[in-house]
Amino acid sequence: MFNFDVFPLLETPRMLLRELFEDDDDAVLRIRGDYEVTKYNTGSPISTRTEAQILIEGIASDFRQHLSVRWGLELKNSGEMIGICGYNYWDRLNMRASVGYDLARTYWGQGLMSEALRRIVQFGFEEMGLNRVEADCTSLNTASARVLEKVGFKHEGVQREQYFENGQFHDLMLFSLLKRDWKG
């Protein structure tokens with residue numbers, strides 16, 4: 001069972017899923033500073049290397065405190081950091097966790113996020129002892145909903161007007177994948 005002793009290095013056919021490091025700040029700024037990548041996230045895109053460093057340290061701190069595990073997505077063929085994906089929280093008592101992700105716009109539509117997400121879900125079921133993996137996205141983010149459905153997540157419902165941002169209310173779609181439904 002995964003216990004946070006060592007950061008888990010995962011692999012897919014095209015990517016290494018690895019710990020984020022301080023020197024990933026330029027890549028994190030490029031990804032999380034792109035409005036198109038983050039427009040459906042809560043909050044504004046980051047705009048400085050300092051904000052990228054704070055984000056990386058926050059992810060590392062959450063890992064050290066055993067709260068979450070989030071990977072940097074690195075292309076094997078180039079070593080380029082292209083995204084972030086992982087578990088934003090882990091409810092051990094109820095054997096469930098929630099996933100989230102961001103991918104550099106240059107790499108959209110190539111199946112990379114669903115490839116990474118499949119591996120992370122597999123890790124969750126096999127190493128973390130999860131029974132349920134959850135995800136949510138705004139109803140406007142149809143691309144994210146497609147990624148989740150491609151990996152096997154089921155749409156559970158909609159929280160109507162769940163959050164308020166930029167002067168308006170937004171609906172939040174809820175998804176889940178149960179271990180018994182996981183096809184690997």
Side-chain angles (χ1 to χ4, degrees), residues 1-2 8 10-15 17 20 28 31-32 34-45 55 58-59 62-63 66-73 82-105 107-166 168-184:
M1 175 73 87
F2 173 67
L10 306 180
E11 193 170 342
T12 73
R14 296 182 284 176
M15 291 173 285
L17 283 58
L20 286 167
V28 170
I31 296 161
R32 295 290 300 266
D34 183 342
Y35 173 77
E36 289 301 315
V37 171
T38 63
K39 71 181 176 183
Y40 297 123
N41 293 1
T42 302
S44 301
L55 177 62
I59 290 170
D62 285 351
F63 180 80
H66 302 187
L67 300 174
S68 67
V69 56
R70 299 180 68 203
W71 290 264
L73 309 181
I82 63 165
I84 303 168
C85 184
Y87 292 103
N88 298 320
Y89 73 81
W90 180 9
D91 177 349
R92 288 167 190 74
L93 178 65
N94 294 299
M95 296 176 280
R96 65 185 176 91
S98 176
V99 293
Y101 43 84
D102 296 294
L103 183 67
R105 190 172 5 155
Y107 296 98
W108 290 0
Q110 299 176 33
L112 288 159
M113 188 50 70
S114 53
E115 181 178 317
L117 188 55
R118 270 191 201 91
R119 181 63 185 97
I120 288 168
V121 166
Q122 178 186 12
F123 179 85
F125 289 141
E126 293 178 1
E127 303 297 325
M128 296 168 66
L130 298 178
N131 178 62
R132 175 184 168 90
V133 179
E134 302 169 345
D136 60 51
C137 65
T138 176
S139 59
L140 301 173
N141 195 347
T142 56
S144 185
R146 279 194 309 272
V147 166
L148 293 167
E149 289 169 346
K150 186 175 179 182
V151 173
F153 283 76
K154 303 293 183 215
H155 183 249
E156 291 191 325
V158 175
Q159 290 182 326
R160 299 179 310 139
E161 298 183 2
Q162 197 266 355
Y163 67 99
F164 186 79
E165 189 172 68
N166 297 327
Q168 59 185 334
F169 289 99
H170 299 274
D171 294 346
L172 195 66
M173 296 188 299
L174 306 175
F175 294 85
S176 73
L177 179 55
L178 301 179
K179 185 175 183 178
R180 70 173 181 246
D181 297 330
W182 171 243
K183 305 227 185 317

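All figures in this text were calculated on a predicted structure; none of them were measured in a lab.
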Heavy-atom pair of closest approach, residues E165 and K39: OE1-O, 4.5 Å
Go through the side-chain N and O atoms of Y89 and R96 and say whether any donor and acceptor fall under 3.5 Å apart. yes
Taking atom NZ of K179 and atom CD of E126, what is their separation to the nearest 0.5 Å? 8.0 Å
Mark yes or no for whether W108, through its side chain, and V37, through its backbone, hold a donor-acceptor pair below 3.5 Å. no
If you measure from OG on S114 to OH on Y101, what distance do you get to the nearest 0.5 Å? 9.5 Å
Do Y87 side-chain atoms and I120 backbone N/O form a donor-acceptor pair below 3.5 Å? yes
Should the ring pair F2 and F63 be called parallel, tilted or perpendicular, given that the plane angle runs from 0 to 90° and is split at 30 and 60? tilted
So, do V158 and L172 sit near enough that their side-chain heavy atoms are less than 4.5 Å apart? no
Hey, could you give me the CZ/OG distance between R132 and S98, rounded to the nearest 0.5 Å? 9.5 Å
Answer yes or no: is there a side-chain heavy-atom contact under 4.5 Å between L130 and W182? no
Going by heavy atoms in the side chains, are P8 and F123 under 4.5 Å from each other? yes
Verify side-chain contact (heavy atoms from CB on, under 4.5 Å) between L73 and L112, making sure each step is shown before the conclusion. CA-CA 9 Å; L73 309 181; L112 288 159; over 6 Å; no
Nearest 0.5 Å please: distance from the CG atom of L20 over to the CZ atom of R70. 8.5 Å
Side-chain donor/acceptor of T12 to backbone N/O of M15, under 3.5 Å: yes
Please determine which of K154, H155, E156 meets the side chain to side chain donor-acceptor pair (under 3.5 Å) test together with S176. E156
Give the minimum heavy-atom separation between L148 and A135, together with the two atoms involved. CD2-CB, 3.6 Å
Which atom pair, heavy atoms only, marks the closest approach of A145 to C137? N-SG, 4.0 Å
With rounding to the nearest 0.5 angstrom, report the CD1 to CD1 distance, I59 to I84. 5.0 Å
If I take atom CZ from residue R92 and atom CE from residue M1, how far apart are they, to the nearest 0.5 angstrom? 9.5 Å
Taking the side chain as C-beta and beyond, is there a heavy-atom pair between V133 and F125 under 4.5 Å? yes
Quick one: are L103 and I82 in side-chain contact, heavy atoms under 4.5 Å? yes
Between D171 and E161, is any pair of side-chain heavy atoms under 4.5 Å apart? yes
Contact between F175 and E149 at the side-chain level, heavy atoms closer than 4.5 Å - yes or no? yes
Can you check whether L117 reaches C85 side chain to side chain, under 4.5 Å on heavy atoms? yes
Please check: side-chain N/O of E115 versus main-chain N/O of R14, any donor-acceptor pairing under 3.5 Å? yes
On a heavy-atom basis, which atom in D62 and which in S68 lie closest, and how many Å separate them? CB-OG, 3.2 Å
Keeping D136 on the side-chain end and M173 on the backbone end, is there a donor-acceptor pair under 3.5 Å? no
A104 versus I31, closest heavy-atom pair with distance: CB-CG1, 4.0 Å
Shortest non-hydrogen contact between L177 and F153, atoms and distance: N-CD2, 3.7 Å
